[in-house]
Amino acid sequence: MPFHIIQGDITKIQADAIVNAANRSLLGGGGVDGAIHRAAGPRLLEECRTLNGCKTGEAKITRGYDLPAKYVIHTVGPIWSGGHQGEPELLASAYRNSLILALENNCESVAFPLISSGVYGYPLEGALEVAVSTIRAFLEEHDMDVTLVIFDKSSFRFDIRLYSDISGYIRNHCETPERPGSFLGDAAKSVAFGGVSGSRRSIFSRGKTEAKKMEERSAGAGVRRYAEEPCKEPLYEETAEEAEVCLDSIKEEDALIEALQNLDESFSQSLLRLIDARGMKDSECYKKANIDRKLFSKIRSDVHYRPSKQTVLAFAVALELDLPETEELLKKAGFALSHASKSDVIVEYFIAHRNYDIYRINEALFAFDQNLLGA
Ligand code: APR
């Protein structure tokens, strides 16, 4: 899983490098700085003395000494002074320069604390937002395992509005044993079968003839469209582009129908066909799914690969499947969503709201003490 969020003590992490939220002197201090120096032993400070300090937003690397990590990357976050002195940019460059330094030193894994969110007073929600968005941008271009280590849950401030919205959704949907119910709620069902509610009709509601109709439309595009009963005025003139766009989206959904309704297909075969049907590149899909490249190539090369449920859900999010399509993909791997599982209901919340941002979903899963999506 390229991006993890865990709760713990960064001095115990076995990553190739751990990042220290230092001060500009690099001569140690309190907080995570003090913890890292204590765990690494006195040789760390000796090496830091040779570095001549570090500017805010920059990063320098030393060995890890008595730490389980091979390296320590020392970076200096900004001191919060209201947010108008370039703090967000400086904080982002502290993460970015640390990642670049890790890359230059062939690190395959790196762990960060929540930089500047302690003594330096950066507001917790903003500190998390800058951390996640900077790490995500880096992972779109590079392969590395990046872990954000949250020392105590009180310093993890998830979007409070979203948190309460999800809590309400869990209360209404999470099954207690005495209240069995089908996974597909009414709203999801009506969306699944072309009902009025829900802006997007699932691929299961659209017949093949739609594509046929669209072929005619695009062929005759530019002609005047009339209502069924003869009327004087044309309803509207359709452009070739409009017809073309509709045709593409119908064709794409027809291809999704094939991929999901071909019951003999394995999970791996369905996944690859869904990626093609979406017109995505493999790398685009597995990065959006928070799946590492090595795992994806395993899935790609083994037609009978047995994924975990988190992996299947991660791909459902990356492919932006709706609830019935997600259920179909899960079935290929022998799983089903369940209202008895809080993490399933949280993922359902995001899919039902068409929020396919896997980093956001993982922040929510972490906030609710659930396993993250991806692998
Ligand atoms: N593991 C992981 N995270 C930790 C640990 C630990 N062992 N100890 C503290 N943290 C977390 C804090 O809870 C906070 O969320 O690290 C985050 C950063 O807090 P600070 O360590 O106070 O760092 P920062 O806010 O960047 O301030 C830097 O504090 O320690 C001094 O010398 C340091 O002057 C510098 C300043």
Side-chain angles (χ1 to χ4, degrees), residues 3-42 44-49 51-62 64-83 85-99 101-102 109-135 145-159 363 366-367:
F3 180 63
H4 310 246
I5 306 177
I6 64 169
Q7 184 170 355
D9 175 351
I10 201 166
T11 65
K12 307 269 191 297
I13 302 290
Q14 303 259 353
D16 290 343
I18 62 168
V19 176
N20 178 22
N23 58 52
R24 289 161 42 147
S25 71
L26 294 190
L27 299 179
V32 71
D33 195 3
I36 289 175
H37 274 274
R38 280 191 299 278
L44 178 62
L45 184 57
E46 278 162 32
E47 185 175 354
C48 284
R49 285 193 205 288
L51 297 178
N52 301 318
C54 180
K55 287 202 190 98
T56 301
E58 294 188 5
K60 294 192 175 177
I61 194 165
T62 65
Y65 299 104
D66 302 341
L67 286 161
K70 190 172 168 201
Y71 297 109
V72 179
I73 293 175
H74 307 265
T75 191
V76 182
I79 297 173
W80 180 257
S81 39
Q85 315 291 326
E87 295 96 317
E89 295 70 24
L90 283 168
L91 184 58
S93 71
Y95 282 98
R96 197 177 312 114
N97 288 328
S98 300
L99 287 162
L101 205 46
S109 55
V110 62
F112 283 93
L114 206 51
I115 300 169
S116 283
S117 68
V119 167
Y120 281 4
Y122 206 107
L124 295 176
E125 205 173 324
L128 179 69
E129 200 280 318
V130 171
V132 173
S133 55
T134 311
I135 292 166
D145 262 355
V146 182
T147 301
L148 185 60
V149 183
I150 304 297
F151 191 52
D152 55 65
K153 250 351 226 315
S154 62
S155 57
F156 183 83
R157 186 77 74 252
F158 181 63
D159 177 329
E363 284 174 33
F366 179 79

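Numbering of ligands and ligand atoms starts at 1, following listing order. The shown structure was predicted, so the numbers you read here are calculated from the model rather than taken from an experiment.
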Under a 4.0 angstrom heavy-atom cut-off, which atoms of ligand 1 come close to [X]?
| X | value |
| --- | --- |
| Ser117 | 14 (C), 15 (O), 17 (C), 18 (C), 25 (O) |
| Asp33 | 30 (O), 32 (O), 33 (C) |
| Gly31 | 21 (O), 30 (O) |
| Asp9 | 1 (N), 6 (C), 7 (N) |
| Ala21 | 23 (O), 26 (O), 28 (C), 33 (C) |

Donor-acceptor check, side chain of [X] to backbone of [Y], threshold 3.5 angstrom: yes or no?
| X | Y | answer |
| --- | --- | --- |
| Thr75 | Glu58 | yes |
| Tyr122 | Leu114 | no |
| Glu129 | Glu125 | no |
| Asn23 | Leu26 | yes |
| Lys60 | Cys54 | no |
| Asn97 | Gly57 | yes |
| Ser116 | Pro78 | yes |

Can you tell me which residue and heavy atom of the protein come closest to [atom], and the distance to 0.1 Å?
| atom | answer |
| --- | --- |
| atom 26 (O) of ligand 1 | Ser116 N, 2.9 Å |
| atom 17 (C) of ligand 1 | Leu114 O, 3.3 Å |
| atom 29 (O) of ligand 1 | Val119 CB, 3.4 Å |

Indicate yes or no: does an N/O atom of [X] lie under 3.5 Å from an N/O atom of ligand 1?
| X | result |
| --- | --- |
| Gly118 | yes |
| Ile115 | no |
| Ile10 | yes |
| Val32 | yes |

Selection from Trp80, Phe151, Tyr120, Tyr122 by shortest heavy-atom distance to atom 10 (N) of ligand 1:
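Going through Trp80, Phe151, Tyr120, Tyr122 one by one, Phe151 has the nearest heavy atom to atom 10 (N) of ligand 1.
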Can you tell me how the ring of Phe156 sits relative to the ring of Phe366, calling it parallel under 30°, perpendicular over 60° and tilted otherwise?
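Rings of Phe156 and Phe366: perpendicular, as their planes differ by over 60°.
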Hey, is Gly30 one of the residues with a heavy atom under 4.0 angstrom from ligand 1?
yes
Ile115/Val19 under side-chain contact (heavy atoms from CB on, under 4.5 Å): CA gap, chis, key distance, verdict
CA-CA 9 Å; Ile115 300 169; Val19 176; 4.3 Å; yes
